[in-house]
Amino acid sequence: MANPHIIGWGHTSFGKLDQVGLEPLIRDAALPALAMANVDAADIDGIFVGTFNGGFVNQDFSASLVAVAMPEFRHTPAVRLENACATGSAAIWAALDALESGRVKRALVIGFEKMNTLPAAQIGEVLLKCSYVAQEGGTPGGFAGVFGGIAAEYFQRFGDQSDALAAIAAKNHSNGVDNPYAHMRRDLGYEFCRNVSDKNPLLAGPLKRSDCSLVSDGAAAMVLSMEPQSGAPSVRWRSRTQVNEFLPLSMRDPTRFEGAALAWSRGLASAGVSLADLDLVETHDCFTIAELLEYEAMGLAPHGQGARVILDGVTAKDGKLPVNPSGGLKSRGHPIGATGVSMYVMLAMQLAGQAGAMQIRDAGVGAAFNMGGAAVANYLSVLEAA
């Protein structure tokens, strides 16, 4: 069976977009995607929307906002998907299922979120709904506290990893300078990321502000098709994998992302490739400790030895396997519903040779890993230039 293609994409700037409403945000991502794909609204058979919300905005029933933003979609079927921080990937998966079933010929996927609508403490409370609330809902510091606890346990078992976490933060902020869509286009430098200061205080456990992704607003969109489109770029799936994990951290080893590791092993095998065949990876660095544990889940290092991957320069932009040349969530920002779609747009740009200053030379095969919660909903795709 033929593999689905990405034939167009759009991406708003990520940031604190106080003056931008939901409808303009949707429209500003969707219109460029349609234009790049060389299709009209009438050519779209289904719309798949990813947005978490959870109380960030009063408006729900989000899929129906697309037709408000773009009246030409008045009668086009639309549905909203949600899966915590992997909400964007959930929308992509639903679109791909519809395409592969034959029910839909072309699909529009839109991920969006407005997070900066609440005070910081309330934002933390909303995000903690993505944890196991019965046990973790009162964690001080919100999700930073959850991952701060993971980092503290990892440090206790394997030693202080502050050098590695600072190197991950510095790498991603340096990469993000070249990303025109990034929330923070500033090279913070290793020394700033390594040391506690007034501007970089400890927030939770060993995690400093520079270890945490940004609270962002933004949107991203893609047009998907089972076939290439004349006059449009084309990037296609080689494999896609979803693996779930226990939601409560108490039911598993929090220092080991076992569900993510299974997604990686299954996804690479299904694609018929190894890590050595990948030219880049976009991965879910909601916190620097997450990227470190994802190195181990990928198979770049054994459990407890992920630090050597970043300290040896393996994942640098000019390293053996560049990870997050877009700047990742650390620099690009993390508007929950948009994040997964954004990761795929970043990867598609690379594989189509349209990533500008972010471009990895001769990128032909890459992978995107997007997770919901603390590696609970794990989505991996291997994509290639078509």
Side-chain angles (χ1 to χ4, degrees), residues 154 158 161-179 187 189-190 193-194 235 238-239 241 256-257 260-285 287-332 343-344 346-371 375 378 380-385:
Y154 191 96
F158 302 111
Q161 307 294 318
S162 297
D163 289 350
L165 298 193
I168 289 170
K171 168 183 69 75
N172 290 346
H173 280 291
S174 176
N175 289 346
V177 171
D178 292 326
N179 189 339
D187 187 351
Y190 174 80
C193 295
R194 178 63 181 86
V235 173
R238 286 189 66 146
S239 73
T241 308
R256 189 193 295 265
F257 285 177
L262 190 56
W264 271 99
S265 61
R266 287 179 180 176
L268 292 174
S270 180
V273 300
S274 68
L275 283 177
D277 297 312
L278 301 181
D279 297 306
L280 75 150
V281 169
E282 284 289 333
T283 200
H284 193 105
D285 61 318
F287 300 91
T288 52
I289 186 63
E291 182 166 327
L292 184 75
L293 296 185
E294 286 157 24
Y295 292 162
E296 297 175 4
M298 288 180 210
L300 288 173
H303 185 217
Q305 299 181 38
R308 75 187 195 196
V309 176
I310 183 67
L311 297 178
D312 289 347
V314 173
T315 55
K317 191 173 180 180
D318 58 355
K320 186 176 180 181
L321 180 60
V323 172
N324 288 333
S326 70
L329 283 59
K330 275 295 297 110
S331 177
R332 195 170 70 250
M343 294 172 74
Y344 283 81
M346 294 295 114
L347 183 54
M349 290 170 66
Q350 291 280 357
L351 298 177
Q354 297 184 17
M358 296 183 288
Q359 186 68 49
I360 301 299
R361 184 177 178 182
D362 299 326
V365 182
F369 174 76
N370 179 210
M371 69 183 189
N378 302 281
L380 177 75
S381 282
V382 177
L383 302 181
E384 65 182 354

Trace of the side chain to side chain contact (heavy atoms under 4.5 Å, CB included) decision for Ile289 with Gln161: CA-CA 9 Å; Ile289 186 63; Gln161 307 294 318; 5.9 Å; no
What pairs with Ala170 under side-chain contact (heavy atoms from CB on, under 4.5 Å), at least two apart in sequence or on another chain? Tyr190, Cys193
For Leu262, which residues count as a side-chain contact (heavy atoms from CB on, under 4.5 Å) partner, sequence neighbours excluded? Val243, Ser265, Arg266
Residue pairs meeting salt bridge (charged side-chain N to carboxylate O under 4.0 Å, His left out), one or both in residues 268-284, sequence neighbours left out, come to Glu282-Arg332
Backbone N/O of [Y] and side chain of [X]: donor-acceptor pair under 3.5 Å:
{"X": "Asn172", "Y": "Ala169", "answer": "no"}
{"X": "Ser381", "Y": "Leu383", "answer": "no"}
{"X": "Asp285", "Y": "Leu329", "answer": "yes"}
{"X": "Asn324", "Y": "Thr283", "answer": "yes"}
{"X": "Ser270", "Y": "Ser239", "answer": "no"}

Any residue meeting salt bridge (Lys or Arg N to Asp or Glu O under 4.0 Å) with [X], in chain and number order, not counting sequence neighbours:
{"X": "Asp187", "value": "none"}
{"X": "Lys330", "value": "none"}
{"X": "Glu294", "value": "none"}
{"X": "Asp178", "value": "Lys317"}

In Å and rounded to the nearest 0.5 Å, what is the [atom1] to [atom2] distance from [X] to [Y]?
{"X": "Leu293", "Y": "Phe287", "atom1": "CG", "atom2": "CZ", "result": "12.5 Å"}
{"X": "Leu268", "Y": "Leu278", "atom1": "CG", "atom2": "CG", "result": "6.0 Å"}
{"X": "Arg308", "Y": "Gln305", "atom1": "CZ", "atom2": "CD", "result": "4.5 Å"}
{"X": "Leu347", "Y": "Ser326", "atom1": "CG", "atom2": "OG", "result": "9.5 Å"}
{"X": "Ile360", "Y": "Leu321", "atom1": "CD1", "atom2": "CG", "result": "9.5 Å"}
{"X": "Leu311", "Y": "Asp163", "atom1": "CG", "atom2": "CG", "result": "6.5 Å"}

Can you name the residues that form a ring pair (Phe, Tyr, Trp, His ring centres under 6.0 Å) with Tyr295, not counting sequence neighbours? none
According to ring pair (Phe, Tyr, Trp, His ring centres under 6.0 Å), who are the partners of His284, at least two apart in sequence or on a separate chain? His334
[Y] and [X], any side-chain heavy atoms less than 4.5 Å apart:
{"X": "Met298", "Y": "Phe369", "result": "no"}
{"X": "Val177", "Y": "His173", "result": "no"}
{"X": "Met343", "Y": "Met346", "result": "no"}

Mind checking what makes side chain to side chain donor-acceptor pair (under 3.5 Å) contact with Ser162, not counting sequence neighbours? Asp160
Side chain to side chain donor-acceptor pair (under 3.5 Å) involving Ser331 - partner list, sequence neighbours excluded: none
Quick one: side chain to side chain donor-acceptor pair (under 3.5 Å) pairs with a partner in residues 347-367, sequence neighbours left out? Gln350-Gln359
Taking all heavy atoms of [X] and all of [Y], pick out the closest pair and write down the distance.
{"X": "Leu380", "Y": "Ala263", "result": "CD2-O, 3.4 Å"}
{"X": "Ile310", "Y": "Ala167", "result": "CG1-CB, 3.6 Å"}
{"X": "Thr315", "Y": "Val309", "result": "CG2-CG1, 3.6 Å"}
{"X": "Pro325", "Y": "Leu280", "result": "CG-CD1, 3.7 Å"}
{"X": "Arg238", "Y": "Gly272", "result": "NH2-O, 4.1 Å"}
{"X": "Trp264", "Y": "Ala297", "result": "CB-O, 3.8 Å"}

Applying side chain to side chain contact (heavy atoms under 4.5 Å, CB included) to Lys171 and Val323, what does each step give before you reach the verdict? CA-CA 9 Å; Lys171 168 183 69 75; Val323 172; 4.3 Å; yes
